[in-house]
Amino acid sequence: MSKTRQQILILHLADSSLESHTVAWALYDGAKSKDELQMNTGDSQTPPYRSVLDAMRDGWNVLQLPTMPVYRSGFEHELGALPYEYVLERKVTIDE
């Protein structure tokens, strides 16, 4: 018997273009069993995809586009959250 599970991929890009390169990422895999470890920060120096567009070509669906940041004069260089976050998902089939 097979079941469908969801995978969530979060990609942070260098800028708002879907072709921009990935600078940070996280992967949450619902297809893994409870005994398997999920991805941890620092597991890999290489992102799973170079860009959001590359992930889309591999079957990922974009669920969320980033809100464009608004930079106030005088605060352009303040640090904060990475501004270009895309949330993607795909369904995979597992056999049980």
Side-chain angles (χ1 to χ4, degrees):
M1 175 180 209
S2 62
K3 293 186 177 186
T4 302
R5 296 287 186 262
Q6 183 181 38
Q7 296 174 321
I8 297 292
L9 176 62
I10 301 169
L11 297 179
H12 294 271
L13 303 186
D15 60 49
S16 62
S17 169
L18 292 176
E19 295 181 287
S20 179
H21 70 278
T22 301
V23 297
W25 62 94
L27 174 64
Y28 300 95
D29 190 348
K32 287 188 173 186
S33 70
K34 286 184 177 184
D35 299 334
E36 293 180 85
L37 290 177
Q38 293 289 333
M39 182 202 125
N40 286 307
T41 302
D43 280 355
S44 173
Q45 294 294 321
T46 306
Y49 296 96
R50 187 192 157 287
S51 69
V52 168
L53 199 54
D54 286 345
M56 290 169 60
R57 288 181 179 125
D58 197 31
W60 289 88
N61 301 302
V62 178
L63 293 179
Q64 179 180 326
L65 300 173
T67 302
M68 298 307 289
V70 176
Y71 298 110
R72 296 181 309 163
S73 181
F75 296 90
E76 298 90 350
H77 301 290
E78 285 197 8
L79 299 176
L82 296 171
Y84 305 110
E85 176 183 87
Y86 291 82
V87 178
L88 301 97
E89 70 93 34
R90 71 177 172 187
K91 304 284 188 189
V92 294
T93 303
I94 61 170
D95 294 322
E96 289 193 304

Exercise for review: Go through the steps to decide whether Leu65 and Tyr86 satisfy the test side chain to side chain contact (heavy atoms under 4.5 Å, CB included), and finish with yes or no.
Suggested key: CA-CA 5 Å; Leu65 300 173; Tyr86 291 82; 3.4 Å; yes
For a quick test of reading the model, state the closest non-hydrogen atom pair linking [X] to [Y] and the distance between them.
X     : Y     : answer
Pro48 : Leu9  : CG-CD1, 3.9 Å
Val52 : Val62 : CG1-CG2, 3.9 Å
Leu11 : Ser51 : CD1-O, 4.1 Å

Check your understanding: Taking only residues two or more places apart in sequence or in another chain, which ones pass salt bridge (Lys or Arg N to Asp or Glu O under 4.0 Å) with Asp58?
Key ->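 Counting only residues at least two positions away or on another chain, Asp58 forms a salt bridge (Lys or Arg N to Asp or Glu O under 4.0 Å) with Arg90.
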Exercise for the section: State which residues pass salt bridge (Lys or Arg N to Asp or Glu O under 4.0 Å) with Arg50; sequence neighbours excluded, sorted by chain then number. Expected result: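 Arg50 satisfies salt bridge (Lys or Arg N to Asp or Glu O under 4.0 Å) with no residue once adjacent residues are dropped.
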How would you list, by chain and number, every residue that makes a side-chain hydrogen bond (donor to acceptor under 3.5 Å, both in side chains) with [X], sequence neighbours excluded?
X     : value
Trp60 : Tyr49
Asp95 : none
Gln64 : none
Ser20 : Asp15

Here the salt bridge (charged side-chain N to carboxylate O under 4.0 Å, His left out) pairs for residues 17-27, sequence neighbours left out, are none
Checklist entry - Nearest 0.5 Å, what's the CE-CG distance between Met56 and Leu88? => result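 Interatomic distance, Met56 CE to Leu88 CG, rounded to 0.5 Å: 8.0 Å.
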Value for NZ (Lys3) from OG1 (Thr93), rounded to nearest 0.5 Å, stands at 12.5 Å
Applying side chain to side chain contact (heavy atoms under 4.5 Å, CB included) to Asn61 and not counting sequence neighbours gives Glu89
message = My understanding is that only residues two or more places apart in sequence, or in another chain, count here; which of them pass side chain to side chain contact (heavy atoms under 4.5 Å, CB included) with Thr46?
response =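 Thr46: side chain to side chain contact (heavy atoms under 4.5 Å, CB included) contacts with Ser44.
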Indicate yes or no: at least one non-hydrogen side-chain atom of Trp25 is less than 4.5 angstrom from one of Leu27. no
*Can you hop from Leu18 to Tyr84 via hydrophobic side chains spaced under 4.5 Å?*
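Leu18 clusters together with Tyr84.
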